Amino acid sequence: MSFQYENPETHSGHRQDPAAAFVFAFHSVNEELGPDQRWSTWLEVERGCRGPEPRPSWVVTEQAAIDTELGVLKTGKEADVFLLERAVEAIGDNPAKSSLLAAKRYRTEEHRNFHRSASYAEGRRTRNSRDNRAVAKKTAHGRGVAAGQWAHAEWQALNRLWQAGVPVPYPVQVDGTELLMEFIDDGEGGAAPRLAQVRPSRELLGAYFEQLREGMRELARAGLAHGDLSPYNVLAQAERIVMIDLPQVVDIVGNPKGMDFLMRDCHNMATWFTNRGLEVDEQELFADVLTMVF
């Protein structure tokens, strides 16, 4: 339902009757949603569950916005990623606005499929002792708690890294086991390919590596390693790269296996670049990144 304030001045410039000083014109709005739609959940989540400021101009925050599911981007053992459009129609002088988002939804029932999750999450605990017991016993409630923990872990990582200048998607919001983030496109309406899928020129390959190294250095400056970095967890968007899949970020010093995870990240990426024709020494990369930690 919308309304419009009508000026109490008449066309002749005389004042109207005081009783008619405020006149509201109401217009009905179709509030029926389709089967793949919902009202935006932006204002339903706590302030701390909304993306960091300053927010990009494309983020739709209007309460009247509608989320429309457009299809599946990726399925995985731990979570599925869907393409979502969040849009609001023109209202009065406010123009229509829309953006595409990636909706990552962690599975609540069989979350134990997350391989090596215990190693990644070492030291992570929820403050609720009942939840801790449920997670340890792998009850239905515990699996739900675990899924939410992984979604929130990725949310926190994205917030921290985006603000630090690491090339990651902008985190829009988190709601339980659902994480909404920037959709990284290919410039033609589709999803940006994974690094493993592209065959860049030697010049672009070098540019990609410098971006990757700087991203890994910024991660390390924050005391973190990606923990599962590979050409399949890096997107190639034209001339820039974007790191994705960050629920398992590892504290390099605090996690007993932190150095091992960092070394594996270096090995995976050095191997890929070397196979593409750019010689990269994994030990040199490891030493370079490590200088940001100590």
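Just so it is clear, the structure is predicted and the values come from calculations on it, not from any experiment. Values below: every heavy atom of this structure, side chains too, minus hydrogens, waters and symmetry copies.
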Practice prompt. Decide if atom CZ of Phe286 counts as having more than 12 heavy atoms of other residues, nucleotides or ligands within a radius under 6.0 Å.
Written response: yes
Fill in: Spacing of CH2 belonging to Trp58 relative to NZ belonging to Lys97, to within rounding of 0.5 Å
10.0 Å
Fill in: Glu239 atom CD, over 12 foreign heavy atoms within 6.0 Å
no
Fill in: Val249/Gln156 under side-chain contact (heavy atoms from CB on, under 4.5 Å): CA gap, chis, key distance, verdict
CA-CA 10 Å; Val249 286; Gln156 290 180 315; over 6 Å; no
Worksheet item: Are side-chain heavy atoms of Leu195 and Met269 found at a separation under 4.5 Å?
Response: yes
Worksheet item: Which heavy-atom pair separates Gly227 from Phe261 by the least distance, and what is that distance?
Response: O-CD2, 3.7 Å
Worksheet entry | Close side-chain approach of Ile244 to Arg194, heavy-atom, < 4.5 Å | yes
Practice prompt. Take Arg107 and Lys77, measure what side-chain contact (heavy atoms from CB on, under 4.5 Å) needs, and give me the verdict at the end.
Written response: CA-CA 8 Å; Arg107 297 179 179 173; Lys77 293 180 179 180; 5.6 Å; no
Worksheet item: Judged by atom type as modelled, is there a donor-acceptor pair below 3.5 Å linking the side chain of Gln37 to the main-chain atoms of Gly34?
Response: yes
Item to complete: Give the cluster check for Leu180 versus Trp42: same hydrophobic cluster or not, with ILVMFWY residues linked at side-chain heavy-atom distances below 4.5 Å.
Response: yes
Discussion item. Do Val242 and Leu229 land in one hydrophobic cluster if side-chain heavy atoms of ILVMFWY residues count as linked below 4.5 Å?
Written reply: no
Worksheet item: For the residue pair Glu69 and Phe82, what are the closest heavy atoms and their distance?
Response: OE2-CD2, 3.5 Å
Discussion item. I'd like to know whether Leu224 forms a side-chain contact (heavy atoms from CB on, under 4.5 Å) with Arg160, so could you lay out the CA-CA distance, the side-chain angles of the two residues, the decisive distance to 0.1 Å, and finally the verdict.
Written reply: CA-CA 11 Å; Leu224 303 172; Arg160 183 175 178 181; 4.0 Å; yes
Discussion item. Less than 4.5 Å apart, side chain to side chain, heavy atoms only: is that true for Leu158 and Leu179?
Written reply: yes
Discussion item. I want to check something: taking the side chain as every heavy atom from C-beta on, are Met216 and Cys266 in contact at a cut-off of under 4.5 Å?
Written reply: yes
Fill in: Shortest non-hydrogen contact between Gly176 and Ala151, atoms and distance
O-CB, 3.6 Å
Fill in: Donor-acceptor under 3.5 Å (Thr291 side chain, Asp288 main chain)
yes
Worksheet item: Looking only at side chains, do Gln237 and Arg240 share a donor and an acceptor under 3.5 Å apart?
Response: yes
Worksheet item: Nearest heavy-atom pair of Leu205 and Pro200: which atoms, and what distance?
Response: CD1-CG, 3.7 Å
Discussion item. So Trp150 and Gln248, do their side chains get closer than 4.5 Å, heavy atoms only?
Written reply: yes
Fill in: Close side-chain approach of Asp228 to Asp245, heavy-atom, < 4.5 Å
no
Worksheet item: Which value, rounded to the nearest 0.5 Å, describes the distance between Arg264 atom CZ and Glu282 atom CD?
Response: 13.0 Å
Worksheet item: Just by modelled atom types, is the Trp162 backbone N or O under 3.5 Å from a matching donor or acceptor in the Asn159 side chain?
Response: no
Fill in: Distance, nearest 0.5 Å, that separates CZ of Arg221 from CD of Glu214
7.5 Å
Fill in: Working for side-chain contact (heavy atoms from CB on, under 4.5 Å), residues Leu100 and Leu83
CA-CA 7 Å; Leu100 291 176; Leu83 181 61; 4.2 Å; yes
Discussion item. Determine whether a donor-acceptor pair (N or O, by modelled atom type, separation under 3.5 Å) exists between the side chain of Ser201 and the backbone of Leu204.
Written reply: yes
Worksheet entry | Over 12 non-hydrogen atoms of neighbours within 6.0 angstrom of CD in Glu210 | yes
Item to complete: Could you check if a side-chain atom of Phe209 sits within less than 4.5 angstrom of a side-chain atom of Leu285, using non-hydrogen atoms only?
Response: yes
Worksheet item: So how far is it from Arg86 CZ to Gln173 CD, rounded to the nearest 0.5 Å?
Response: 4.5 Å
Fill in: Residues Asp80 and Arg105 bridged, charged N to O under 4.0 Å
no
Worksheet item: When rounded to the nearest 0.5 angstrom, what is the spacing between CH2 in Trp39 and CD1 in Ile66?
Response: 4.0 Å
Discussion item. Would a single hydrophobic cluster contain both Met292 and Leu161, if residues Ile, Leu, Val, Met, Phe, Trp and Tyr are joined by side-chain heavy-atom contacts under 4.5 Å?
Written reply: no
Discussion item. Using every non-hydrogen atom in the two residues, find where Leu246 and Ala157 come nearest and quote the distance to one decimal.
Written reply: O-CB, 3.8 Å
Worksheet item: In terms of hydrophobic clusters joined by side-chain contacts under 4.5 Å, are Ile241 and Ile184 together?
Response: no
Discussion item. Quick check: closest heavy atoms across Tyr170 and Arg55, and the distance to 0.1 Å?
Written reply: OH-CG, 3.1 Å
Worksheet item: So do the side chains of Arg199 and Arg276 get within less than 4.5 Å of each other, counting heavy atoms only?
Response: yes
Worksheet item: Hey, what do you get for OH (Tyr232) to NZ (Lys74), rounding to the nearest 0.5 Å?
Response: 11.5 Å
Worksheet item: Are Leu84 and Leu43 in one and the same hydrophobic cluster, where Ile, Leu, Val, Met, Phe, Trp and Tyr link if side-chain heavy atoms are under 4.5 Å apart?
Response: yes
